[in-house]
There are 2 protein chains.
Amino acid sequence: MAQGTPGQTGQSLLFLTDEQLRKGIEAMFFAYRGFTADPDRILSDQGYGRAHHRAIHFIHRSPGTTVNNLLSVLGVTKQSLNRVLRTLIEDGLVASTVGKRDKRERHLTLTETGAALERSLSDAQRDRMRHAYRTAGPEAVAGFRQVLEAMMDEEMRFYYDALKDQSDER
Amino acid sequence: MAQGTPGQTGQSLLFLTDEQLRKGIEAMFFAYRGFTADPDRILSDQGYGRAHHRAIHFIHRSPGTTVNNLLSVLGVTKQSLNRVLRTLIEDGLVASTVGKRDKRERHLTLTETGAALERSLSDAQRDRMRHAYRTAGPEAVAGFRQVLEAMMDEEMRFYYDALKDQSDER
DNA sequence: CTTGGAATGTCAACAAGGCTGACGTATCTT
DNA sequence: AAGATACGTCAGCCTTGTTGACATTCCAAG
């Protein structure tokens, strides 16, 4: 566009000092600690860890998802996931049902008990998120989301946007 | 204040659906993965992990900081920190000097080599942060910071704001 | 029908990085 | 002199990540 206008759009001219960037980096570090603190507390009482939380969260989000699907979203090895999944199934929090169309696949869903734990975990996390959102205000929230989305790897943004699939035909 | 005004400030009336909050939660999850990905890659080549990165970062930020200080900021046990710190000192990345005023204390600083590693790590992380900031724009950045700050635990916000101290008299 | 490959599960071994508990030493502080 | 503080260390445990090897089951192509 016009050349002489001093960077108001923020797109072209945006001076970012190392100090500003460091502050952002530390904000991520400290905020993430707060972000995980509440669920971590709940989980450690029951002998579970953050890995269990992640599995439960994404199974809740996409009921009937397959193991492979979960693997991609979580970005861990199947051995790691399997260990976590096994205890969740043994403890009756997650149900694993053989696929109908493809019987090699296992479709994962939360049981009643599993859904109850999920609720208590995400309630805690949502409370904190809600508090942060309310404190910062709606415009800040929009900015928050924009920056985080720009910070993700391409591949992760795909899962971030997409994950709503595999609805039917188990 | 006035009662009839529909929530424009975002402070009083702010409807937040579970769906909106979930999206925020997942944004944190996926973004944090991206946030740590680059340093993790660099570190794993050298036999270090994320714990080393954190130590190096905060020693760089507060040169001459004490072990106890670092403990509080990082929120780990001294045994955990010591393991990391020992290897960093052995490998000549961190220097530990006895306190002048209080000889029980050890003051930690980065050596030349340590500072070099710190630079390569924070360069990578800053590049990603800069990219995210530029993509999202300055207003988004302000919002991003506001939300993150509201998400921290009180105690952590203290360190987030404060850490600039212990300058003198080692 | 047979066979190749995909999806899943399992066993074993290992490492990083958290944790607790206990103990020792040096050094302040009272 | 006694107690508190700062630090280091030994030992042991847990979660959660990794690799590698291998079995099973099943779909689909030939």
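In what follows, every heavy atom counts, from backbone to side chain, and hydrogens, waters and symmetry copies are set aside. Note on naming: letters A, B, ... go to the chains in the order of the sequence lines (proteins, then strands), and numbering restarts at 1 for each one.
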Which nucleotide in [options] has an atom nearest any side-chain atom of [X]:
X      : options                : result
A:V67  : C:dG9, D:dT9, C:dC28   : C:dG9
B:N68  : C:dC28, C:dA7, D:dC7   : D:dC7
A:D102 : C:dG9, D:dC27, D:dT18  : D:dC27
A:A51  : D:dA6, D:dG17, C:dG17  : D:dG17
B:T77  : C:dT10, D:dG17, C:dT20 : C:dT20
A:Q79  : C:dC19, D:dT18, C:dT8  : D:dT18

(request) For the helix from C:dC1-D:dG30 to C:dT30-D:dA1, measure the angle between the helix axis at one end and the axis at the other, each built from five pairs, rounding to 10°. (result)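 Angle reported: 20°, given to the nearest ten degrees.
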Thinking salt bridges, do [X] and [Y] make one under a 4.0 Å N-O criterion?
X      : Y      : answer
A:R33  : B:D153 : no
A:R145 : A:E149 : yes
B:K23  : B:E19  : no

(message) OP1 or OP2 of D:dT16 versus the side-chain N and O atoms of A:H52: is any pair under 4.0 Å?
(response) yes
(message) If you compare every side-chain N and O of A:R54 against the phosphate oxygens of D:dG17 (OP1, OP2), does one of them come in below 4.0 Å?
(response)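 The answer is yes; a side-chain N or O of A:R54 sits under 4.0 Å from OP1 or OP2.
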(message) With nearest nucleotide decided by heavy atoms, which residue, A:R106 or A:S80, maps closer to the 5′ end of DNA chain D?
(response)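 Mapping each residue to its closest nucleotide by heavy atoms, the 5'-most match is A:S80.
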(message) Nearest heavy atom decides the nucleotide; on that basis, is A:Y48 or B:L108 closer to the 5' end of DNA chain D?
(response)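 Closer to the 5' end of DNA chain D: B:L108.
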(message) With side-chain contact (heavy atoms from CB on, under 4.5 Å) as the test, pick out the partner of A:L110 among A:L117, A:I59, A:L93.
(response) A:I59
(request) State which residue, out of A:N82, A:I89, A:L88, A:V84, fulfils the side-chain contact (heavy atoms from CB on, under 4.5 Å) condition with A:R86. (result) A:N82
(message) Does the plane of the ring in B:F30 sit parallel, tilted or perpendicular to the ring in A:F58? Use 30° and 60° as the thresholds.
(response)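 Tilted.
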Could you tell me how far apart [X] ([atom1]) and [N] ([atom2]) are, to the nearest whole angstrom?
X      : N      : atom1 : atom2 : answer
B:L85  : D:dT9  : CG    : C1'   : 13 Å
B:K103 : C:dT27 : NZ    : P     : 7 Å
A:R86  : C:dG9  : CZ    : C1'   : 9 Å
B:L43  : D:dT18 : CG    : P     : 16 Å
B:Q46  : C:dA15 : CD    : P     : 19 Å
A:R83  : D:dT19 : CZ    : C1'   : 12 Å
B:R101 : D:dT5  : CZ    : C1'   : 14 Å
A:N82  : D:dG17 : CG    : P     : 13 Å

(message) Please determine whether any donor N or O and acceptor N or O are separated by less than 3.5 Å between the side chain of B:R104 and the base of C:dA26.
(response) no
(request) Answer whether the closest heavy-atom distance between the side chains of A:I25 and B:F35 falls below 4.5 Å. (result)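 They are in side-chain contact.
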(request) By nearest nucleotide on DNA chain C, pick out whichever of B:K78 and B:L81 is the more 5' one. (result)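 Mapping each residue to its closest nucleotide by heavy atoms, the 5'-most match is B:L81.
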(message) Is it the case that the ring center of A:F29 lies less than 6.0 angstrom away from the ring center of B:Y159?
(response) no
